[in-house]
Amino acid sequence: MSDTSTLGPVRVRYAPSPTGDPHVGNLRTALLNWVFARHAGGQFIVRIEDTDRERMVDGAEDRILEALKWLGLDWDEGPGVGGPYAPYVQSERKALGVYAEAARQLIDNGHAYECTCTPERLDQVRQQQRAKKKPTGYDGYCRNKSADELAAEKAGGLASVVRFKVPLEGEVVFNDVLRGPLTFDPSLLQDFVILKSDGYPTYHLAHIVDDHEMGITHVLRSEEWISSTPRHMMMYEGFGWEPPAFVHLSILLGPDRSKLSKRHGDTALLEFRDKGFLPGTMFNFLSLLGWSAGDDEEVMTREQIVEKFSLDGLNSAPSIFDITKLEWMNGVYLRQLPVETLAEMLIPELEARDGLPESIARPLDRDYVTSLVPLVHERLKVVDRAELSEMLSYFFQDEIDLDPAEVVQKGMDEAVTASALESAALALESAESFEAEPLEEQFRALCVELDLKPRQLFGALRVSLTARKVAPPLFDTMVALGRGRSVDRVRRAAALLSGAGTRERTVS
RNA sequence: GCCCCGUUGGUGCAGCGGCCUAGCACGCCAGCCUUUCAAGCUGGAGAUCACGGGUUCGAAUCCCGUACGGGGUACCA
């Protein structure tokens, strides 16, 4: 494969079908097209292929465009931005007669014909073929029908489609940029439909006409299109057009090695957004599925990926979508975020109904939240409401739900713990400077004084202050909580232990 | 059934005929750091490069076959 920069201006497209929520696999295809275009200084075009009127899903187109925007894949031509080949929506192009005209051209030059076979007959034929263990496909019944016969049938109300006339012999070869020359036997292909009875083109016709008219130079699409490509080659030949270069990308597989789908959990890109993944993470991660720069770098900015991109780096073997690695990468991106930015992201999540407990008043104090961010910053993998609430709720609650048994550390009893906490409360009250470092110094001294290991005293304090065994660094937590609340909590824990020593403890 | 594509540790990738006693990353395990958890650092386990034949002085890399996985086989894209 040669350097693409010598091939002239690159024009690529992403041509989704609005039949559902945009899937990570689709967006990866879009992303690779975009990266390729940007690398080559070419154009990235978005075209909506809404020719299957029955599978259309309301709102799907909007969500596709939304997903592209979220990932930062801006398009030079397409819906919303227009362009020299507008419209970029196939139903609108169909209304202009673009495809009917193309089909007519193919009929006129002998590469296509009209067919009046009913779906019922087609079904029958297929069943017979299956029974005889023969390849299924159209049997060519209408192929040589006379014009008169056809006219009579149509006059009689029979619906018709246009089929491409597949050559009965010879072979079709095309060169896949990634896989090299691929050879197919056209006799196995059968005459396929290019214009449906509702007047809409099939994908085969529509995308070829549009790719040609829009000057597409490279088609980067998913591997599942390989078997259709010989059809496309024959059509280019029928039209007398120069085909673009084909690059069939490997597909994405779920952990069980079957094609990634809903069964594998969330696969819609926007769900990843909603679950707290950053666009930068998704961009980076998606780019690495089936592509590598050839070096060992994995965490890369958008710009680095664009710069390093090359078709040579594409891998033809299928990739498995590994959510564990995605989460790790999101943690990396989260850690790179400035505290203020992260705070801005966290506030709405915490304020959401399923964020912090309802008892906590909204709106939250922005500065206070910002002061809390460093405490959780490197502990986050995703921005998840439930998890955030778990990690931070005790910073907002007036009273925490303490289990006295958890306050008592290994090698201590309730009495020892209670008196140690009393001393700690005193120390907190009298601390000259309520900052993490001096506090730590002071409390280390207290450990010595009380003959306790830091692990013991600090552990007891941690639970007293947070009601959790696992929490951010102790003294930072104290500072964030403030002197008053810290003292109160430590005192309360001490009281719970000494006063309630003989009482049944409350089960939370 | 038929056609096509693919196959490097659990996972994502590197490798493009000798530099491979197969490299990096995630995950896992251990140690360090340490007040817990993370993060970070260091080390470790884990792959006879799906298998079998060739070609070659030499193959993970080229060819053929087999197995397995995947895709396609529609008036879906």
Side-chain angles (χ1 to χ4, degrees), chain A residues 15-19 26 49-52 54-55 115 117 119 122-123 126 129-130 132-138 159-163 176 178-179 182-185 188-190 192-198 200-204 206-207 221-230 248 250-251 253 255-259 285 288-299 312-313 315-329 331-332 335 376-381 391 409 440 443-444 447 453-463 466 468-475:
Chain A
S17 202
T19 53
N26 296 139
E49 310 221 323
D50 56 347
T51 55
D52 186 345
E54 285 175 16
R55 294 203 311 150
C115 165
C117 289
L122 261 23
D123 229 37
R126 217 183 331 259
Q129 287 165 331
R130 247 194 280 272
K132 288 187 200 156
K133 298 206 185 269
K134 292 221 168 131
T136 55
Y138 185 59
S160 72
V161 301
V162 177
R163 287 180 184 276
D176 185 279
L178 255 184
R179 299 159 210 267
L182 265 24
T183 308
F184 293 80
D185 178 353
L188 265 15
L189 260 25
Q190 317 294 342
F192 54 95
V193 174
I194 57 175
L195 202 67
K196 302 184 242 187
S197 55
D198 65 0
Y200 277 88
T202 61
Y203 169 84
H204 302 305
H207 96 275
R221 78 224 304 192
S222 174
E223 183 183 2
E224 65 215 51
W225 290 106
I226 291 180
S227 352
S228 299
T229 309
H248 288 101
S250 61
I251 49 164
L253 264 30
D256 63 353
R257 304 208 131 259
S258 67
K259 194 175 173 183
F285 187 74
L288 254 25
L289 256 25
W291 174 78
S292 86
D295 53 26
D296 287 329
E297 296 299 320
E298 293 201 305
V299 178
D312 297 286
N315 184 168
S316 54
S319 316
I320 292 176
F321 191 85
D322 179 14
I323 190 117
T324 312
K325 187 154 183 174
L326 210 213
E327 285 178 349
W328 161 78
M329 188 174 276
V332 173
R335 268 172 253 133
V376 295
H377 203 164
E378 60 193 23
R379 292 168 178 76
L380 288 177
K381 276 193 155 63
M391 288 171 111
Q409 302 297 299
E440 177 166 357
F443 275 81
R444 284 195 185 279
C447 286
K453 294 205 155 60
R455 174 182 295 271
Q456 294 175 306
L457 211 218
F458 295 179
L461 284 168
R462 173 173 307 105
V463 178
T466 68
R468 283 161 179 72
K469 287 192 239 179
V470 173
L474 227 211
F475 303 101

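Base-pair partner of B/rU7: B/rA67 (Watson-Crick or G-U wobble, both distances under 3.5 Å). For B/rC2, the paired nucleotide is B/rG72, the pair qualifying as Watson-Crick or G-U wobble because both relevant distances are below 3.5 Å. Across all strands shown, B/rC57 is found opposite B/rG18 as a Watson-Crick or G-U wobble partner, with both distances under 3.5 Å. Using Watson-Crick or G-U wobble geometry with both donor-acceptor distances under 3.5 Å, B/rC24 finds its partner in B/rG12. Across the strands present, B/rU34 finds no partner; the criterion is a Watson-Crick or G-U wobble pair with both atom distances under 3.5 angstrom.
Taking OG of A/Ser228 as the reference point, atom CZ of A/Phe192 lies at 9.0 Å (rounded to 0.5 Å). Atom-to-atom distance recorded for A/Phe285:CZ and A/Asp322:CG is 6.0 Å, nearest 0.5 angstrom. A distance of 6.0 Å separates SG in A/Cys117 from CG in A/Leu122, rounded to the nearest 0.5 Å.
Looking at heavy-atom distances under 4.0 Å, A/Val193 makes contact with sugar-phosphate atoms alone, never a base. Using a 4.0 Å heavy-atom criterion, one finds that A/Arg179 contacts the sugar-phosphate atoms exclusively. Across all strands, A/Gly331 comes closer than 4.0 Å to no nucleic acid atom at all (heavy-atom distances). Residue-level contact check: A/Asp295 touches neither bases nor backbone, having no heavy atom under 4.0 Å from any strand. A/Thr19 comes within contact range of no nucleotide atom at all, as no heavy-atom separation falls under 4.0 Å. A/Pro16 comes within contact range of no nucleotide atom at all, as no heavy-atom separation falls under 4.0 Å. Contact annotation for A/Leu188: backbone-only contact, meaning every heavy-atom pair under 4.0 Å involves sugar-phosphate atoms and none involves a base. Within the 4.0 angstrom heavy-atom criterion, only backbone atoms of the sugar-phosphate kind lie near A/Glu49; the bases stay farther away. Using a 4.0 Å heavy-atom distance criterion, A/Phe184 is classed as a sugar-phosphate-only contact. Nucleic acid contact class of A/Ser228 (heavy atoms, under 4.0 Å, all strands): base. Across all strands shown, A/Ala317 has heavy atoms under 4.0 Å from sugar-phosphate atoms exclusively, and none from any base. Across all strands shown, A/Ser17 has heavy atoms under 4.0 Å from sugar-phosphate atoms exclusively, and none from any base. Residue-level contact check: A/Leu289 touches the backbone only, with heavy atoms under 4.0 Å from sugar-phosphate atoms and none from bases.
A/Glu49 places no side-chain N or O within donor-acceptor distance of the main-chain N or O of A/His207, the cut-off being under 3.5 Å. Between the A/Arg455 side chain and the A/Lys453 main chain, no donor and acceptor come within less than 3.5 Å of each other.
Comparing atom distances between the A/Ile251 side chain and each of B/rG12, B/rC75, B/rG70 picks out B/rG70 as nearest. Nearest to the side chain of A/Lys325, among B/rC5, B/rA77, B/rG12, sits B/rG12. Minimum atom distance to the side chain of A/Ser292 is reached by B/rC13, of the listed B/rC3, B/rU11, B/rC13. Taking only side-chain atoms of A/Tyr203, from C-beta outward, the nucleotide of B/rC75, B/rA77, B/rC13 with the closest atom is B/rA77. Nearest to the side-chain atoms of A/Trp225 among the listed nucleotides B/rC75, B/rG12, B/rA77 stands B/rA77. Distances were taken from every side-chain heavy atom of A/Leu182 (C-beta onward) to each of B/rU36, B/rA77, B/rC5; the shortest belongs to B/rC5.
Contact check, A/Arg379 against B/rA39: no side-chain N or O comes under 4.0 Å of OP1 or OP2. Considering only side-chain N and O atoms, A/Thr51 lies under 4.0 angstrom from the phosphate OP1 or OP2 of B/rA77. Dashed line: the shortest gap from a side-chain N or O of A/Asn315 to OP1 or OP2 of B/rA14 is under 4.0 Å.
Separating the P atom of B/rC51 from that of B/rG31 is a span of 36 Å, rounded to the nearest Å. To the nearest whole angstrom, the two P atoms, one in B/rC19 and one in B/rA60, are 9 Å apart. With C1' as the reference atom, B/rG27 and B/rC68 are 25 Å apart, rounded to whole Å. B/rA45 and B/rU36 have their C1' atoms separated by 28 Å, with the value rounded to a whole Å. Between the P atoms of B/rG15 and B/rG53, the separation comes to 28 Å (whole Å). On the C1' atoms, B/rG40 is 24 Å away from B/rG46, given to the nearest whole Å. Across B/rG18 and B/rU11, the matching C1' atoms stand 31 Å from one another, rounded to whole Å. Distance noted for atom C1' between B/rA59 and B/rC5: 23 Å (whole Å).
A/Asp50 approaches A/Pro18 most closely through the heavy-atom pair CB-CG, 3.8 Å. Between A/Phe184 and A/Pro230, the shortest heavy-atom distance links the atoms CG-CG, 3.5 Å. Between A/Tyr138 and A/Gln190, the closest heavy-atom pair is O-OE1, 2.8 Å.
The CZ-C1' distance, from A/Phe443 to B/rU34, rounds to 18 Å in whole Å. Going from atom CD of A/Glu223 over to atom P of B/rC3 covers 18 Å, rounded to whole Å. We find that CD1 of A/Ile226 is positioned 11 Å from P of B/rC4, with the value rounded to whole Å. Atom CD of A/Glu298 is separated from atom P of B/rU11 by 16 Å (rounded to the nearest Å). We find that CG of A/Leu178 is positioned 19 Å from P of B/rG71, with the value rounded to whole Å. Atom CD1 of A/Ile323 is separated from atom P of B/rG10 by 21 Å (rounded to the nearest Å). Note: CZ (A/Arg468) to P (B/rU36) measures 18 Å, nearest angstrom. In this structure, NZ of A/Lys381 is placed 9 Å from P of B/rA38, rounded to the nearest angstrom.
Side-chain to base pairing of A/Ser316 with B/rC5: no donor and acceptor N or O lie closer than 3.5 Å to each other. Judged by distance alone, with hydrogens and angles left aside, A/Arg55 brings a side-chain donor or acceptor within reach of the base of B/rC76, the pair sitting under 3.5 Å.
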### Summary
Scoring nucleotides 40-51 of chain B by protein non-hydrogen atoms under 4.0 Å (B base, S sugar-phosphate only, - none) yields S-----------
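When the ring-ring contact (aromatic ring centres under 6.0 Å, His included) test is applied to A/Tyr200, no partner is found at least two apart in sequence or on another chain. Residues satisfying the side chain to side chain contact (heavy atoms under 4.5 Å, CB included) criterion with A/Glu378, sequence neighbours excluded, are A/Arg335.
Of the two residues near RNA chain B, A/Glu378 and A/Arg163, the one whose nearest nucleotide lies more 5' is A/Glu378. Nearest-nucleotide positions on RNA chain B place A/Arg455 closer to the 5' end than the other of A/Val161 and A/Arg455.
Salt bridge present: A/Glu298 and A/Lys325 bring a charged side-chain N and a carboxylate O closer than 4.0 Å.
Among A/Val162, A/Val193, A/Leu195, the single residue meeting the side chain to side chain contact (heavy atoms under 4.5 Å, CB included) criterion with A/Pro201 is A/Leu195.
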